[in-house]
Asks: 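The structure follows.
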Amino acid sequence: MTSAVQHRVRTGDGITLAADYYHYDGNRPVVLLLHGGGQNRHAWSTSARRLHSCGYSVVAYDTRGHGDSDWDPAGRYDVDRLASDLIAVRDHFSADTQPAVVGASLGGMTVLGAHLLAPADLWGAVVLVDVTPRLEFAGARRVVSFMAARPEGFGTLDEAAEVIAAYNPHRARPDNIDGLRKVLRQRHDGRWVWRWDPAFIHSNFDFLQDDSAEGTEQFDAISNLLIDGARRVTAPTLLVRGLLSDVVSQATVEEFTHLVPHAETVDVSGAGHMIAGDDNDTFTAAITDFLDRNTP
């Protein structure tokens with residue numbers, strides 16, 4: 001089994017990010033993997049090893065405030081800040097080449113945000129995983145509501161597993177729940193809480209829990225920002241959508257392909273918003289085929 005080497009990447013504003021580096025001694029580009037909100041780099045473990053076995057060097061890192069990366073002391077988790085972090089990771093691992101970048105959900109938003117901060121030719125390929133510039137409001141609200149729902153945590157890992165299974169009814173509840181230790185940490189009082197900074201929600205996405213018009217306006221403002229980023233994408237691009245997703249719809253896919261006409265799209269049946277976890281075989285096959293065809 002491929003072992004990753006752990007790196008610590010320092011950002012421009014002093015945050016330290018945790019990264020796993022799967023080095024391959026070959027000529028194919030580095031592939032950077034960006035997880036979704038509330039996840040961490042371990043969400044990519046299977047995909048990273050499979051990509052590595054196909055000849056790619058792979059980097060999966062924890063977004064600030066997630067996993068083993070530093071929490072921002074000022075609670076700064078805006079798209080610009082996350083995009084700056086991505087560029088710092090890119091410069092650390094692949095400063096002289098054009099890496100491919102794969103972003104799921106929040107990670108994909110970060111990729112589009114990076115196109116507003118730096119030239120599009122930094123990237124050799126772009127893969128967005130169940131994320132488009134304009135998301136479905138109800139689906140995005142469901143994700144944020146789940147993340148914000150249990151600030152007090154869980155009494156046991158089994159309790160957490162039941163809550164997660166109810167949130168993802170299309171995915172079978174695992175018999176072995178030890179893997180939850182990668183997304184939960186145990187506090188001194190024995191309760192299990194998520195491995196991410198609660199300020200991530202409160203500083204950016206509280207409006208998604210608000211039924212007022214102001215929430216819709218903030219949502220549209222973020223969408224317009226990401227639309228501007230999408231217009232600047234020039235690298236070969238793939239959008240992977242889970243057909244069971246309530247976050248990305250056919251309408252938002254069509255809008256995206258209008259903004260990025262050269263983009264390819266792939267639908268994964270039986271998968272929801274977290275495609276890599278729902279059907280990793282199909283997901284990894286799709287992105288490997290795309291990268292094989294579109295990177296040197």
Asks: Is there a path of hydrophobic side-chain contacts, each under 4.5 Å between heavy atoms of I/L/V/M/F/W/Y residues, joining Tyr167 to Phe200?
Replies: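 In one cluster with Phe200: Tyr167, yes.
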
Asks: Is the shortest heavy-atom distance from the side chain of Ser57 to the side chain of Tyr22 under 4.5 Å?
Replies: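 Result no, sub-4.5 Å side-chain heavy-atom pair not found.
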
Asks: Locate the shortest heavy-atom distance separating Phe93 from Val30; write the atom from each residue and the value.
Replies: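 Between these two residues, the closest heavy atoms are O-CG2, 4.2 Å.
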
Asks: Apply the test side chain to side chain contact (heavy atoms under 4.5 Å, CB included) to residues Leu17 and Asp62: give CA-CA distance (whole Å), side-chain angles for both, the deciding distance (0.1 Å), then the verdict.
Replies: CA-CA 6 Å; Leu17 306 176; Asp62 290 339; over 6 Å; no

Asks: Quick check against the 3.5 Å criterion: does Glu162 have a side-chain atom that pairs as donor or acceptor with the backbone of Glu159?
Replies: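 No, because the side chain of Glu162 does not come within donor-acceptor range (under 3.5 Å) of the backbone of Glu159.
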
Asks: For Asn168, is there any backbone N or O sitting under 3.5 Å from a side-chain donor or acceptor partner on His170?
Replies: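 Pair absent, no side-chain N/O of His170 close to backbone of Asn168.
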
Asks: Hey, is the main chain of His42 close enough, under 3.5 Å, to the side chain of Ser45 for a donor-acceptor pair?
Replies: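 Yes, Ser45 side chain to His42 backbone: donor-acceptor pair under 3.5 Å.
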
Asks: For a quick test of reading the model, state the closest non-hydrogen atom pair linking Leu238 to Ala286 and the distance between them.
Replies: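 Minimum heavy-atom separation between Leu238 and Ala286: CD2-O, 4.1 Å.
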
Asks: Hey, can you tell me if Trp194 and Trp196 have their rings parallel, tilted or perpendicular (30° and 60° cut-offs)?
Replies: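 Because their plane-to-plane angle is under 30°, the rings of Trp194 and Trp196 count as parallel.
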
Asks: With rounding to the nearest 0.5 Å, note down the distance linking CG in Leu157 to CG in Leu180.
Replies: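 So the gap between those two atoms works out to 6.0 Å.
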
Asks: Might you work through the side chain to side chain contact (heavy atoms under 4.5 Å, CB included) test for Val31 and Val59, ending with a clear yes or no?
Replies: CA-CA 6 Å; Val31 180; Val59 176; over 6 Å; no

Asks: Short question: side chain of His262, backbone of Ala235 - any donor-acceptor pair under 3.5 Å?
Replies: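 Checking the backbone N and O of Ala235 against the side chain of His262, a donor-acceptor pair under 3.5 Å is found.
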
Asks: Which value, rounded to the nearest 0.5 Å, describes the distance between Arg90 atom CZ and Gln98 atom CD?
Replies: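 It is 8.0 Å, given to the nearest 0.5 Å.
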
Asks: With no hydrogens and no angle check, just 3.5 Å: does a side-chain donor-acceptor pair link Asp13 and Thr11?
Replies: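 Distance-only check passes for Asp13 and Thr11.
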
Asks: Is it the case that the side chains of Arg181 and Gln186 hold a donor-acceptor pair, with the cut-off being a distance below 3.5 Å and no angle test?
Replies: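 There is no such pair (donor and acceptor under 3.5 Å, judged by atom type) between the side chains of Gln186 and Arg181.
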
Asks: Kindly give the heavy-atom pair with the smallest separation between Ala199 and Gly75, and that separation in Å.
Replies: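 That would be CB-CA, 4.2 Å.
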
Asks: Between Asp278 and Gly272, is there a donor-acceptor pair closer than 3.5 Å when you use the side chain of the first and the backbone of the second?
Replies: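 A pair under 3.5 Å: yes.
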
Asks: Would you say the side-chain atoms of Ser53 pair up with the backbone N or O of Arg50, donor to acceptor, closer than 3.5 Å?
Replies: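 Looks like yes, one N/O pair under 3.5 Å.
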
Asks: Could you see if Phe146 belongs to whatever hydrophobic cluster contains Phe154? Use Ile, Leu, Val, Met, Phe, Trp, Tyr and a side-chain cutoff under 4.5 Å.
Replies: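 Looking at the clustering, Phe154 is in the same group as Phe146.
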
Asks: So Arg134 and Ile227, do their side chains get closer than 4.5 Å, heavy atoms only?
Replies: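 Side-chain contact under 4.5 Å: yes.
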
Asks: Tell me whether Tyr21 shares a hydrophobic cluster with Leu34, the cluster being built from Ile, Leu, Val, Met, Phe, Trp, Tyr side chains joined at under 4.5 Å.
Replies: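 In one cluster with Tyr21: Leu34, yes.
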
Asks: Determine whether Val247 and Glu136 make a side-chain contact, defined as any pair of heavy atoms from C-beta on separated by less than 4.5 Å.
Replies: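 Val247 vs Glu136: side chains apart.
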
Asks: Between Trp44 and Val266, is there shared hydrophobic-cluster membership here, with clusters defined by ILVMFWY side-chain heavy atoms closer than 4.5 Å?
Replies: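 Shared cluster, yes.
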
Asks: If you round to the nearest 0.5 Å, how far is CG of Leu51 from CG of Leu291?
Replies: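 If I round to the nearest 0.5 Å, the distance is 6.5 Å.
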
Asks: Between Arg191 (side chain) and Gly153 (backbone), is there a donor-acceptor pair under 3.5 Å?
Replies: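 Answer holds: yes.
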
Asks: Using modelled atom types only, decide if a donor and an acceptor are shared between the side chain of Arg195 and the backbone of Leu184 within a distance under 3.5 Å.
Replies: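 Side chain of Arg195 to backbone of Leu184: a pair is present.
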
Asks: Identify whether the distance between the nearest side-chain nitrogen and carboxylate oxygen of Arg173 and Asp158 falls below 4.0 Å.
Replies: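 Yes, Arg173 and Asp158 are salt-bridged.
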
Asks: List in chain and number order the residues that pass salt bridge (charged side-chain N to carboxylate O under 4.0 Å, His left out) with Arg293, two or more places apart in sequence or in another chain; answer none if no residue qualifies.
Replies: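 Counting only residues at least two positions away or on another chain, Arg293 forms a salt bridge (charged side-chain N to carboxylate O under 4.0 Å, His left out) with Glu264, Asp289.
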
Asks: Rounded to the nearest 0.5 Å, what separation is found between the CD1 atom of Ile275 and the OG1 atom of Thr284?
Replies: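 One finds 11.0 Å between CD1 of Ile275 and OG1 of Thr284.
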
Asks: Below 4.5 Å, heavy atoms only, C-beta onward: do Phe256 and Val131 meet side chain to side chain?
Replies: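 When only atoms from C-beta onward are counted, Val131 and Phe256 do not touch, as no gap falls below 4.5 Å.
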
Asks: Any idea which heavy atoms bring Gly155 and Trp192 closest together, and the distance?
Replies: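 The answer is O-CD1, 4.0 Å.
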
Asks: Is the side chain of Thr257 donor-acceptor paired with the backbone N or O of Glu254 at a distance under 3.5 Å, no angle test?
Replies: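 Checking the backbone N and O of Glu254 against the side chain of Thr257, a donor-acceptor pair under 3.5 Å is found.
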
Asks: Determine, stepwise, if the pair Leu243 / Val268 fulfils side chain to side chain contact (heavy atoms under 4.5 Å, CB included).
Replies: CA-CA 6 Å; Leu243 282 181; Val268 181; over 6 Å; no

Asks: For the residue pair Asp68 and Arg41, establish whether any side-chain heavy-atom pair is separated by less than 4.5 Å.
Replies: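 Asp68 vs Arg41: side chains touch.
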
Asks: So do the side chains of His7 and Val5 get within less than 4.5 Å of each other, counting heavy atoms only?
Replies: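 A side-chain contact exists here, since the closest heavy-atom pair is under 4.5 Å.
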
Asks: One pair to check against ring pair (Phe, Tyr, Trp, His ring centres under 6.0 Å): Tyr56 and Tyr24. What are the steps and the verdict?
Replies: CA-CA 6 Å; Tyr56 293 94; Tyr24 194 96; 8.5 Å; no

Asks: Answer with yes or no whether the side chains of Tyr61 and Asn40 bring together a donor and an acceptor at under 3.5 Å.
Replies: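 Note: Asn40 and Tyr61 side chains miss the donor-acceptor criterion.
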
Asks: Among Asp70, Asp78, Asp72, find the residue that satisfies the salt bridge (charged side-chain N to carboxylate O under 4.0 Å, His left out) test when tested with Arg64.
Replies: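 When salt bridge (charged side-chain N to carboxylate O under 4.0 Å, His left out) is applied between Arg64 and each of Asp70, Asp78, Asp72, only Asp72 qualifies.
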
Asks: Do the side chains of Ile164 and Ile177 join up, straight or via other hydrophobic residues, at under 4.5 Å, putting them in one cluster?
Replies: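 Looking at the clustering, Ile177 is in the same group as Ile164.
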
Asks: Hey, what do you get for CD1 (Ile15) to CG (Asp85), rounding to the nearest 0.5 Å?
Replies: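 One finds 7.5 Å between CD1 of Ile15 and CG of Asp85.
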
Asks: So which heavy atom on Ala88 is nearest to which on Val9, and how close?
Replies: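 Taking every non-hydrogen atom into account, O-CG1, 4.1 Å.
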
Asks: Any donor-acceptor pair under 3.5 Å linking the side-chain atoms of Thr16 with those of Arg10?
Replies: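 A donor-acceptor contact under 3.5 Å links the two side chains.
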
Asks: Side-chain polar contacts of residues 101-127 - donor-acceptor pairs under 3.5 angstrom, sequence neighbours left out - could you list them?
Replies:
unit_1: Ser105; atom_1: OG; unit_2: His273; atom_2: NE2; d: 2.9
unit_1: Thr110; atom_1: OG1; unit_2: Leu106; atom_2: O; d: 2.9
unit_1: His115; atom_1: ND1; unit_2: Val111; atom_2: O; d: 2.9

Asks: Between Thr252 and Leu135 (side chain of the first, backbone of the second, donor and acceptor by atom type, cut-off under 3.5 Å), is there such a pair?
Replies: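 Pair absent, no side-chain N/O of Thr252 close to backbone of Leu135.
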
Asks: Between Asn280 and Thr46, is a side chain to side chain donor-acceptor pair (under 3.5 Å) present by the stated rule, with each step listed?
Replies: CA-CA 8 Å; Asn280 194 266; Thr46 301; 5.1 Å; no

Asks: Can you check whether His52 reaches His23 side chain to side chain, under 4.5 Å on heavy atoms?
Replies: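 Sidechains of His23 and His52: no contact.
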
Asks: Where is the tightest heavy-atom contact between Ile201 and Ala148, given as atom of each residue plus distance?
Replies: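 Where Ile201 meets Ala148 most closely, the heavy atoms are CG2-CB, 4.2 Å.
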
Asks: In Å and rounded to the nearest 0.5 Å, what is the CG to CG distance from Leu128 to Asp130?
Replies: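 Going from CG on Leu128 over to CG on Asp130, the span is 10.5 Å.
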
Asks: Show the numbers, then the answer: is there a side chain to side chain contact (heavy atoms under 4.5 Å, CB included) between Val253 and Thr265?
Replies: CA-CA 8 Å; Val253 169; Thr265 61; 4.1 Å; yes

Asks: Are the side chains of Leu32 and Pro99 in contact, using a 4.5 Å heavy-atom criterion?
Replies: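 Sidechains of Leu32 and Pro99: in contact.
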
Asks: Among side-chain atoms of His66 and His35, is any donor-acceptor pair under 3.5 angstrom?
Replies: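 Note: His66 and His35 side chains miss the donor-acceptor criterion.
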
